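Notes for the one structure printed next.
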Amino acid sequence: MYHHCARPLDARRAFDEIPAPNPIIVTAMASGCARNNLVYPALAIFRSMVASDSAGVVDEAAALVALSASARVPDRGVTGGIHALVAKVGLDGNASVANTMLDAYAKGGSRDLGAARKLFDMMERDAVSWSTMIALYAQNGLSAEALGLYNKMLNVGGGIRCNAVALSAVLLACTHAGAIQTGKRIHNQVVRLGLEENVYVGTSVVDMYSKCGRVEMARKAFHRIKEKNILSWSAMIAGYGMHGHGQEALEVFNEMRGSGLKPNYITFISVLAACSHAGLLNEGRHWYNAMRKEFGIEPGIEHYGCMVDLLGRARCLDEAYGLIKEMKVKPDAAMWGALLNACRIHKNVELAEIAANRLFELDATHSGCYVLLSNIYAEAGMWKDAERIRVLVKTRGLEKPPAYSSVELKGKTHLFYVGDKRHPQHKEIYAYLDKLLERMQEAGYAPNTGSVLHDLDEEEKESMLRIHSEKLAVAFALMNSVQGSVIHVIKNLRVCTDCHTAIKIITKLTGREIVVRDIKRFHHFKDGLCSCGDYW
DNA sequence: CTAGGGTTAG
């Protein structure tokens, strides 16, 4: 009773008054501790139970409590230790115990996916084991492994059927990989099984379509969810937001409030991000103020980040800087990065230097901001300063994380790094790109060599730009798809200025529509224009 | 007495 009332100390007092507690009461005590986040006491109780276990009374329930507690401890190796104790009392063959252990190995401080997989391969597997392992891969960004295991479950899983948990997990893997074709196939499966109404599966489908560039499909799936929760609504708002559809995002937000659900911390991140992507300054200001006053939610670093983006975009650079100075949370690198980016767009060198210096203090190894600052100098004609920063990058030995872009073709994902020659079609791709570049230059495209961070002459700089991953991916997709189909490219970093300009021109020249998902948002290129309005 | 897998931001 005390535990359920979140009063662990009273529970402990009552427990201590029992002269000879039996294993049932001891397990109840441990479970109560775990429920109230007292994971170490919970584990201690289990350890002493095993130590004094002469008659084999430590049962499945006690093991489950201990294992689920071990998944919440920040130290490494705790699950392994409990595993040994569980084995000592002969409970490691128990199906529930093994499944709980599987999850615990990959969570908490252990984070050992390899150990989880090893256990998975050895144990007797049921539907829960398969979905647990698939979910673990998906949550840790190992999309290919998650998809592979999902297929394996259906083919050689010993008659294990598809279930809601495995489906939402594998949809998450499609989302990360941007694998729309596979995602659609899974969605068909969802429809066949009548699981569209399931809030977990439905929300996963919504998020998958949004993040794979099909926000209209996301909306359709959204309407099919029977009992939408705060996550479903937030996903839909975020979906519209990342595509630059700010009004639609706000309409969904209104609908949500109309339905009686209270927005939470994350909902407001989605709302403010949507305002920021669409440049809705007044709406953004309104909801930023309302979240505190009407909903009692204190803005966190993410909300400030959205506001700095939004104000910066609207040329209110001083207000953005003022907001950073007055916020109660310590500004992080992303915050100064947002201001720095706004300075790039509005060519404010003075404030850019302030932002960059604060950024360097926080993260001196972040090569992206050196590039940004150097570009700002270069665009302002301050070549010496631009050069100084470039030298700094070299002497400090900072490497940009490798940029890559990917395109899905007939269900297979093709990955391109800068200057990649690993693709079997690479010769044709480069030849195609050269021809295209000629036509682009005739149409007025001039390579923006200011954004190349190398000590090279102009010609060499142009060839550096030519081989950018997004250009390779676009060229490959153009070569291999039919006129009229929309090309979808996914990039792991922000799309570069030159590629952004280039793709706009490509859509004009070819009459094709190109959608690029970068690390921040979607860019819908059509007829020579981009949905971001050149702000990103 | 107890317990195992899933979805939202960036």
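These numbers were taken from a predicted model, which means no experiment stands behind them. Each chain gets a letter, A, B and so on, in the order the sequences are listed, and its residues count up from 1.
A:Ala127 comes within 4.0 angstrom of a base, heavy atoms only. No engagement by A:Ile25 is indicated, since no non-hydrogen atom pair under 4.0 Å with the nucleic acid exists. At the heavy-atom level, A:Ala164 lies under 4.0 Å from base atoms of the strands shown. A:Leu172 comes within 4.0 angstrom of the backbone, heavy atoms only, and of no base. Heavy atoms of A:Asp332 sit nowhere under 4.0 angstrom from any nucleic acid atom.
Here salt bridge (Lys or Arg N to Asp or Glu O under 4.0 Å) pairs that include residues 141-152 of chain A, with residues two or more places apart or in two chains, number zero. Residue pairs meeting the salt bridge (Lys or Arg N to Asp or Glu O under 4.0 Å) criterion with at least one partner in residues 174-193 of chain A, sequence neighbours excluded, are absent. For residues 129-160 of chain A, the set of pairs meeting the ring-ring contact (aromatic ring centres under 6.0 Å, His included) definition, not counting sequence neighbours, comprises A:Phe120-A:Trp130.
Distance CG (A:Leu310) to P (B:dG10): 14 Å, rounded to an integer number of Å. Atom CG in A:Asn22 sits roughly 13 Å away from atom P in B:dT2 (whole-Å rounding). For A:Glu60 and B:dA3, the CD to P distance is 11 Å, given to the nearest whole Å. Here B:dT8 presents its C1' atom at 12 Å from NE2 of A:His303, a figure rounded to the nearest Å. For the pair A:Met242 CE and B:dT8 P, the interatomic distance rounds to 10 Å; values are reported in whole Å. Between the P atom of B:dG10 and the CG atom of A:Asn341 lies a distance of 15 Å, rounded to the nearest Å. A:Ile237 places its CD1 atom 16 Å from the C1' atom of B:dG10, with the value rounded to the nearest Å. The distance from atom NZ of A:Lys107 to atom C1' of B:dA3 is 14 Å, rounded to the nearest whole Å.
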May I have the list of side-chain donor-acceptor pairs in residues 233-240 of chain A shorter than 3.5 Å, sequence neighbours left out?
residue, atom, partner, partner atom, Å
A:Ser234, OG, A:Ile230, O, 2.7
A:Ser234, OG, A:Thr267, OG1, 3.1
A:Tyr240, OH, A:Arg219, NH1, 3.2

Could you tabulate the donor-acceptor pairs under 3.5 Å formed by side-chain atoms of residues 300-313 of chain A, not counting sequence neighbours?
residue, atom, partner, partner atom, Å
A:Glu302, OE1, A:Tyr265, OH, 2.6
A:His303, ND1, A:Gly300, N, 2.9
A:His303, NE2, A:Tyr265, O, 3.0
A:Asp309, OD1, A:Lys520, NZ, 3.4
A:Asp309, OD2, A:Lys520, NZ, 2.7
A:Arg313, NH1, A:His277, O, 3.1

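With respect to the salt-bridge test (charged N to carboxylate O, under 4.0 angstrom), the residues A:Arg292 and A:Glu298 qualify. One finds a salt bridge joining A:Arg285 and A:Glu319 here, because a Lys/Arg side-chain nitrogen approaches an Asp/Glu carboxylate oxygen to under 4.0 Å.
Between the side chain of A:Asn163 and the base of B:dG5, a donor-acceptor pair under 3.5 Å is found. No N or O donor and acceptor, one from the side chain of A:Asp309 and one from the base of B:dG10, sit under 3.5 Å apart.
Residues from residues 220-236 of chain A with heavy atoms under 4.0 angstrom of DNA chain B, sorted by number: A:Asn229, A:Ile230, A:Leu231, A:Ser234, A:Ala235. Near DNA chain B, meaning a heavy atom under 4.0 Å from it, residues 128-139 of chain A has A:Val128, A:Ser131, A:Thr132, A:Ala135, A:Gln139 in order of number. Within residues 195-205 of chain A, the residues that place at least one heavy atom under 4.0 Å from DNA chain B are, in residue-number order, A:Asn198, A:Val199, A:Tyr200, A:Val201, A:Thr203, A:Ser204.
A:Asp126 is linked by a salt bridge (Lys or Arg N to Asp or Glu O under 4.0 Å) to nothing, counting only residues two or more places apart in sequence or in another chain. Residues forming a salt bridge (Lys or Arg N to Asp or Glu O under 4.0 Å) with A:Arg125 (at least two apart in sequence, or on another chain): none. Partners of A:Lys107 according to the salt bridge (Lys or Arg N to Asp or Glu O under 4.0 Å) rule, which considers only residues two or more places apart in sequence or in another chain, are A:Asp103. Every residue two or more places apart in sequence or in another chain was checked for a side chain to side chain donor-acceptor pair (under 3.5 Å) with A:His245, and none qualifies.
The side chain of A:Lys211 places an N or O atom within less than 4.0 Å of a non-bridging phosphate oxygen (OP1 or OP2) of B:dA9. The phosphate of B:dG5 (OP1 or OP2) has no side-chain N or O of A:Thr100 nearer than 4.0 angstrom.
Using cut-offs of 30° and 60° on the angle between ring planes, the pair A:Phe522 and A:His243 is parallel. Between A:Trp287 and A:Phe268, the ring planes lie tilted relative to each other; the angle falls in the 30° to 60° range.
Closest to the A:Thr27 side chain, of the nucleotides B:dT2, B:dG10, B:dG6, is B:dT2. Residue A:Ser31 places its side chain closer to B:dT2 than to any other of B:dG4, B:dT2, B:dG10.
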